[in-house]
Amino acid sequence: MAYAISDDCLACGACAEGCPVEAISEGDGKYVIDADKCIDCGSCADVCPVGAPAPKKD
């Protein structure tokens, strides 16, 4: 299951820098995760200062 970034995102870029597969990019006001590239490793959540990335709920 891919991760998604909540509205709590501060747009600091820490998650994008921590993503080993470059699945995260800057969106409109917050960062976004490309679900097709995400490998569900949790690296983004580990480095986010506010815990914005989390497993996507279907």
Side-chain angles (χ1 to χ4, degrees):
M1 179 184 316
Y3 274 58
I5 297 177
S6 73
D7 290 338
D8 294 335
C9 178
L10 301 173
C12 68
C15 59
E17 292 174 19
C19 181
V21 294
E22 299 179 359
I24 303 173
S25 60
E26 191 171 1
D28 188 21
K30 68 176 187 175
Y31 277 71
V32 293
I33 298 175
D34 182 337
D36 292 332
K37 290 182 180 179
C38 180
I39 59 171
D40 195 30
C41 67
S43 293
C44 56
D46 291 342
V47 297
C48 179
V50 295
K56 190 175 182 180
K57 297 176 183 174
D58 288 332

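Keep in mind the model is a prediction, meaning the values are calculated, not measured.
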Apart from I39 itself, members of its ILVMFWY cluster (side-chain separation under 4.5 Å) are V21
The complete set of side-chain hydrogen bond (donor to acceptor under 3.5 Å, both in side chains) pairs with one or both residues in residues 31-54, sequence neighbours excluded, reads none
SG (C48) and CG (D8) are apart, to the nearest 0.5 Å, by 8.5 Å
Nearest heavy-atom approach of C19 to I24 is CB-CD1, 3.9 Å
Hits for side chain to side chain contact (heavy atoms under 4.5 Å, CB included) against A54, two or more places apart or cross-chain, chain-then-number order -> none
Separation between CD (E26) and SG (C9), nearest 0.5 Å, reads 9.0 Å
The remaining residues in the hydrophobic cluster of L10, counting side-chain heavy-atom contacts under 4.5 Å among Ile, Leu, Val, Met, Phe, Trp and Tyr, are V50
Smallest heavy-atom separation, I5 atom then C15 atom, equals CD1-SG, 4.0 Å
Applying side-chain hydrogen bond (donor to acceptor under 3.5 Å, both in side chains) to K30 and not counting sequence neighbours gives D7
Taking every heavy atom of Y3 against every heavy atom of A45, the minimum-distance pair comes out as CE2-CB, 4.0 Å
Between A4 and I33 the two heavy atoms that sit nearest each other are N-CD1, 3.9 Å
Those residues at least two apart in sequence (or on a different chain) that pass salt bridge (Lys or Arg N to Asp or Glu O under 4.0 Å) with D28 are none
